[in-house]
Protein chains: 2
Amino acid sequence: MAKVSKPESCLSCPYKWKYLNLLEDKDINSIQRSCTIINFKKGETICKQGTDATHALYLAKGMVKLYIEGKKNLILKLIKSGEYIDLQTLFGDKTYKYSVAAMEDTMVCMINSEILQDLAKQNSDYLFELTKTISDSGNYVYKKISDISRKQLRGRLADSLLYLRNEIFNSDEFDMGMTRKELAELSSMSMENAVRILSEFKKDKIISLEGKRIKILQIDILKKLSDIG
Amino acid sequence: MAKVSKPESCLSCPYKWKYLNLLEDKDINSIQRSCTIINFKKGETICKQGTDATHALYLAKGMVKLYIEGKKNLILKLIKSGEYIDLQTLFGDKTYKYSVAAMEDTMVCMINSEILQDLAKQNSDYLFELTKTISDSGNYVYKKISDISRKQLRGRLADSLLYLRNEIFNSDEFDMGMTRKELAELSSMSMENAVRILSEFKKDKIISLEGKRIKILQIDILKKLSDIG
DNA sequence: GAATATTGTTGTTTTATATCAATAAATTTT
DNA sequence: AAAATTTATTGATATAAAACAACAATATTC
């Protein structure tokens with residue numbers, strides 16, 4: 001199970017949020033006292049759809065997937081270290097609309113929601129940055145819903161590959177770090193079709209593919225596929 | 001075209017936002033000075049996907065649809081009077097991810113974005129409520145993306161009817177105030193299928209239907225259809 | 001109020017995509 | 001390292017939903 005500990009110093013933490021310094025030192029210390037560090041192993045659930053949020057979850061190290069559960073899962077996005085995992089559940093209606101699970105070994109800081117919100121209310125520069133974060137996250141979902149509801153298989157898989165390249169790995173070549181099933185869940189399609197289209201892209205020399213290792217050979221074609229949908 | 005005027009008194013406005021009073025009177029006056037009232041006729045575009053947001057749009061009177069444009073439109077939600085139309089574009093990356101158009105004659109208050117944000121920064125109770133609004137709007141989209149990507153036609157149309165009943169008209173009987181095409185766009189399906197399923201629901205006595213007038217006869221069945229997807 | 005345009009309706013056909021099935025490959029567990 | 005489980009692959013089949021078509025009913029414009 002997940003291993004629990006307390007932070008030594010949030011002020012000098014190498015993983016701290018880029019806007020944490022908008023708070024005064026005493027407030028950062030107050031966050032530190034409230035903070036619990038939890039280490040999750042790959043595959044472990046960090047938060048569960050339907051439960052209530054009591055803590056802000058800050059992803060210090062690792063990578064997680066945020067997904068909606070149902071008969072089939074829908075992965076909405078991956079989250080990399082240095083970002084808050086949720087926020088909008090804290091400020092909104094408190095019940096998680098999704099689950100979050102670790103894609104690799106992951107270190108999460110849990111900060112009591114009330115303490116964070118009190119501090120935010122007292123420091124509007126900090127709150128302002130939190131609000132910007134929440135807003136951008138909402139804007140991302142608008143794009144996602146538009147892509148998913150309108151594009152067909154090839155366009156959606158191209159979207160996923162471009163997403164991995166541009167937002168997650170920042171490189172033409174990467175280990176996608178997820179199973180075909182998860183890639184399918186990210187692209188809202190069946191696993192069989194994800195496999196099929198992946199092979200098709202490989203055959204057409206748009207990507208090279210070996211196991212989970214992907215190299216994007218013709219990004220312009222992927223972009224075109226994404227555009228025509 | 002849309003008719004433009006200035007507000008007489010935001011402080012005593014019967015349509016004002018329920019949290020406006022969190023601001024001090026001088027700040028409300030400052031909003032008033034920056035505010036322009038615009039009256040849109042049914043069908044007119046209030047904001048256009050792809051353009052940049054320069055003003056907060058507050059919907060004082062009327063009803064609008066917020067939709068993503070593409071080969072086919074996707075209506076994400078309807079917005080009733082007493083709510084901000086966007087916000088998250090203002091606090092996020094500024095470019096509208098969607099368009100908004102009037103479903104009926106509508107009165108919108110445009111407030112300069114910088115003025116609103118400056119006031120918000122100086123009054124964190126107000127900013128806090130704005131943040132809550134943005135968060136809930138994001139949470140709504142999570143539900144929408146989940147419904148749209150997983151349910152099939154009947155479930156999605158049931159969702160739309162329940163949405164109109166529960167969130168918009170608060171009554172079992174209502175004039176849906178939109179064309180079949182728009183109902184289809186709200187449900188992410190073709191117009192033909194929206195018509196077909198509507199007739200099916202009518203035949204099965206789940207709803208009564210005459211033109212745009214709908215009466216929900218068996219809400220439990222709609223809920224069930226929504227649940228099983 | 002006639003003419004035109006838009007919206008609604010129903011049946012048929014086509015297409016995209018999921019599901020099923022059978023087998024192969026890769027992991028994980030023993 | 002063998003056994004068991006999960007993941008990946010490919011082909012065949014079934015199904016949901018879109019597109020097409022032809023016509024009816026409303027709106028809108030002249």
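Here is how names work: the chains are called A, B, and so on, in the same order as the sequence lines, proteins then strands, and each is numbered from 1.
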Regarding A:E185 and A:K181, does a basic nitrogen lie under 4.0 Å from an acidic carboxylate oxygen? yes
Among A:V100, A:L59, A:I79, A:I85, which residue meets the side chain to side chain contact (heavy atoms under 4.5 Å, CB included) test with A:T106? A:L59
Do the charged groups of B:K77 and B:E167 touch, with an N to O distance under 4.0 Å? no
What nucleotide among D:dA21, C:dT7, C:dT17 has an atom nearest to a side-chain atom of B:E192? D:dA21
Nearest whole Å is fine: how far is D:dA18 P from A:K151 NZ? 18 Å
Map A:K212 and A:S190 onto DNA chain C by nearest heavy atom, then report which one ends up closer to the 5' terminus. A:S190
Interatomic distance, B:M189 CE vs D:dA19 C1' [rounded to whole Å]: 16 Å
Shortest side-chain distance from B:V195, nucleotide among C:dT10, D:dA18, D:dT7: C:dT10
To the nearest angstrom, how far is B:M178 atom CE from C:dT6 atom P? 21 Å
Whole-Å distance separating the NZ atom of B:K181 from the P atom of C:dT6: 11 Å
Rounded interatomic separation in angstrom, taking NZ from A:K71 and C1' from D:dA16: 13 Å
Between CG of A:N193 and C1' of D:dT13 the distance, given in whole Å, is 14 Å
Could you go step by step and tell me if B:R165 and B:D172 meet the salt bridge (Lys or Arg N to Asp or Glu O under 4.0 Å) rule? CA-CA 6 Å; B:R165 191 211 111 109; B:D172 278 329; 2.3 Å; yes
With a 4.0 Å cutoff (strictly under), does any side-chain N or O of A:R196 reach OP1 or OP2 of D:dT10? no
Going by an N to O cut-off under 4.0 Å, is there a salt bridge joining A:E173 and A:R213? yes
Spacing of A:M191 atom CE relative to D:dT9 atom P, expressed in whole Å: 9 Å
Rounded to whole Å, how long is the line connecting atom CD of B:Q152 with atom C1' of C:dT19? 13 Å
For C:dT10, does either OP1 or OP2 sit under 4.0 Å from a side-chain N or O belonging to B:S199? yes
Proximal nucleotide (of C:dG8, D:dA8, D:dA17) relative to the B:R180 side chain: C:dG8
